[in-house]
Every structure is written in C-alpha cells, then in structure tokens.
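Keep in mind the model is a prediction, meaning the values are calculated, not measured. Numbers here simply count residues along the sequence, with the first being 1.
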Amino acid sequence: MALMVALNVIFITIASYLPFGGIILCLFLPLISSVFALNTKLKFYPIYLICSLGLGMATTFQDFSFTLLYLLPSLIQGLLFAITIKHRIDGTLAYFYSTFVLFIVNLAIIPLLNLIYSVDTINSIIVLLSLNKIDNINYFIYAFIYIYCAICMFFVYIVTKGELKRIGYNLITFTSFSLQFAFMGILFSIINFIFWYFKMFNIAFLFLVMSLLSSIILSIQLIKTKPLLFGILTGVSIIVSWLIYIFILNWNNNLESFLILSSFAICISLIALIYYIYQRIVAKKQKREGN
C-alpha cells in the first residue's frame, strides 16, 4: 500500500509543476489504483484512498487543485477498472461509468475551487478560450465538461487497458452488444426532451451528449456483431435523425433544435432491442426443435 500511495503522491507532485506534461502523467494514475485494488482486498481501498488524498493535498498545499481534479477521480476510476476485471464486466461499461464519475467529480470540485481561489472558474475558462462572444454559450457548459471528461477517459481507458495487459490483467470487451447502452440511450433522450420542454437547455444539452455517447458505443458494438447489417442500419439512423433535425430547424430555427439529434440514440437503441428480442425468439425456437 505504501508504495502505491507514494507513486500517487510523486505523480501528482510532478503534475503540479508541469501543467501540460502533468496531464500526460495523470493518464497513468488510474493504473496505479487498479493494480492496488486487483492485488488487495477491497476493504483496504478506503484507507488507500484517504492516505493518497491526504498526502497528495499535503505535498501540493500551495495549489492542491491538481489533487482534486486528477488524483481524486483517478482513485475512483482505478477502482472501477479493477471491479470490471474481477467480475468480468464489459470494459466499455467501465469507460462510460468512469466518464460519468469524472464529470460528477469535476462538477463538485468547481464550486470548491471558486470558494478557495475567489474566482468564477467556468467563466474564466470561457474567457480564456474566447468563447464569451458566442451567444447562449451557457447552454453548452455542462455538455462541454462532459465531452472533456469523455475525451480524457478515452485516453485513460486506452493506457490502462494496455498497461494492465502487460502485467497479466485483461480488461475484456465483449463481442456482443450491451443492452445497458440501449436503455441508457432511450432514457437519456427522454430526459433530454423533458428538459427541452421546460426550457432548461443547459441540462438538456448535457443529456443530448450523454445519449449520443451511449448510442455511438452501442453502434460500434452492433457493427462488430454484424458489420454489413448494422452498418447499413446505423447509416439509415443517421440520415433519419438528420432529416428530423432539418424538419425541426425549418419549423423552429434556433440552437435548441440540435436537441432533436437525440432521435439518433432512440433509433439505434430500438434497433438493438428489436435485434435482441429477435435473437431470443430464434433461440427459443431452436431449443424447442432440439427437444
């Protein structure tokens, strides 16, 4: 435990002095936590987490935002990856849920940073990126944060999966598709439409992005199952959702029209559910014929 805690502290300390290089170093932080969780009982993990956070904040006391923004999420992500391997869960689910965890942690930390440093963190980033000139930029704040988390987690997932394989642990990816992504695609789309109806566009755009991410993952899984069939159906879904968007745009020409793109998630999710039901019917028929 002491060695893994020390590695976390060393990495986060270096990251605090090398802002851009530190981001690259932080890609390896979940790997450290995964290795620890895979080789010890999970009841010791809270002790490891508290020690890592405590020492990390102590060594970066002048600016412990790196500890909060990078080390804290990595400790949770590492645990999720370890649980995924131990229980043979699809690695893409670990990626999706880790992205959500990272998003929640970032949302929780931003008010704390505002309080500690007496700044408006989000507004500062908007001004820094020259996005303040864009009309209704506040609509996209949560969506941008989620996209940022999804991109970060993609690289973390690639690094963690590759390095764990080197030491004998496989983060498996199932050849079949996961129904969880189908249900999430429909659920997030419905929530998106509800917030759209109540004109809470910042939250609506967040669930638009979440529905599209789940549907993209589901599309990739379906295409791996039957490339030609689901490649064509995915293309048709894209065309249908785009035509619906064009229709809505002609009727209501504003930014909120983009929210209808959740229809793509609904199309892909329904295709997956119909195919799953078809598979079950065929399997039952074959079983009866076999008897």
Side-chain angles (χ1 to χ4, degrees), residues 1 3-16 22-57 60 64-110 112-113 142 145-173 178 180-181 184 209-210 213-214 217:
M1 182 187 294
L3 175 61
M4 294 303 183
V5 171
L7 285 173
N8 279 327
V9 173
I10 290 169
F11 269 58
I12 204 65
T13 303
I14 294 173
S16 65
I23 293 174
I24 298 174
L25 283 175
C26 289
L27 293 176
F28 294 90
L29 282 173
L31 174 64
I32 298 170
S33 299
S34 293
V35 171
F36 174 80
L38 286 166
N39 288 279
T40 56
K41 293 181 179 179
L42 291 181
K43 66 180 181 180
F44 296 116
Y45 200 85
I47 301 171
Y48 162 77
L49 186 147
I50 293 169
C51 290
S52 295
L53 278 180
L55 290 173
M57 294 180 73
T60 59
F64 55 81
S65 60
F66 276 91
T67 300
L68 296 175
L69 288 171
Y70 296 113
L71 182 56
L72 176 58
S74 73
L75 292 168
I76 301 171
Q77 292 156 7
L79 178 61
L80 286 174
F81 285 129
I83 292 172
T84 298
I85 292 171
K86 282 186 175 182
H87 297 280
R88 297 187 62 79
I89 301 170
D90 190 351
T92 51
L93 286 171
Y95 162 73
F96 189 87
Y97 291 131
S98 295
T99 298
F100 185 73
V101 167
L102 183 59
F103 172 73
I104 294 298
V105 170
N106 274 273
L107 280 190
I109 288 171
I110 286 171
L112 181 61
L113 295 177
Y142 293 145
I145 295 173
Y146 190 85
I147 291 170
Y148 162 76
C149 293
I151 293 171
C152 288
M153 271 312 306
F154 174 75
F155 290 109
V156 167
Y157 175 77
I158 296 298
V159 170
T160 304
K161 183 178 181 179
E163 294 303 315
L164 284 175
K165 190 173 183 180
R166 287 173 180 267
I167 56 177
Y169 296 106
N170 288 319
L171 194 61
I172 61 173
T173 302
S178 173
Q180 288 191 45
F181 289 117
M184 285 189 288
V209 172
M210 292 176 70
L213 178 61
S214 62
I217 295 172

Mind listing the side-chain donor-acceptor pairs of residues 76-86 below 3.5 Å, one per line with the distance, residues two or more places apart or on another chain?
residue, atom, partner, partner atom, Å
T84, OG1, L80, O, 2.8
K86, NZ, A37, O, 3.0

(request) Keeping to residues at least two apart or across chains, list the side-chain hydrogen bond (donor to acceptor under 3.5 Å, both in side chains) pairs with something in residues 27-42. (result)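 Sorted result for residues 27-42: S33-Y48, N39-Y169.
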
Closest heavy-atom contact between [X] and [Y]?
X    : Y    : value
P30  : V156 : CG-CG1, 3.5 Å
N106 : C149 : ND2-SG, 3.7 Å
V35  : L164 : CG2-CD2, 4.1 Å
M210 : Y146 : CG-CZ, 3.6 Å
P73  : V105 : CG-CG1, 3.6 Å

(request) Apply the test side chain to side chain contact (heavy atoms under 4.5 Å, CB included) to residues L107 and Y142: give CA-CA distance (whole Å), side-chain angles for both, the deciding distance (0.1 Å), then the verdict. (result) CA-CA 9 Å; L107 280 190; Y142 293 145; 3.8 Å; yes

Between atom [atom1] of [X] and atom [atom2] of [Y], what is the distance when rounded to the nearest 0.5 Å?
X    : Y    : atom1 : atom2 : result
I151 : F155 : CD1   : CZ    : 7.5 Å
K165 : I167 : NZ    : CD1   : 13.5 Å
M184 : I217 : CE    : CD1   : 7.5 Å
L49  : F44  : CG    : CZ    : 15.5 Å

Show which side-chain atoms of residues 97-104 pair as donor or acceptor with protein atoms under 3.5 Å away, not counting sequence neighbours.
residue, atom, partner, partner atom, Å
Y97, OH, Q180, OE1, 2.5
S98, OG, A94, O, 2.6
T99, OG1, Y95, O, 2.9

(message) Taking L75's backbone N and O only, do any of them form a donor-acceptor pair with Y45's side chain (distance below 3.5 Å, no angle check)?
(response)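 Indeed, once roles are kept as given, a pair shorter than 3.5 Å links the two residues.
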
(request) Apply side chain to side chain contact (heavy atoms under 4.5 Å, CB included) to S178 and T92, showing your working. (result) CA-CA 9 Å; S178 173; T92 51; 5.7 Å; no

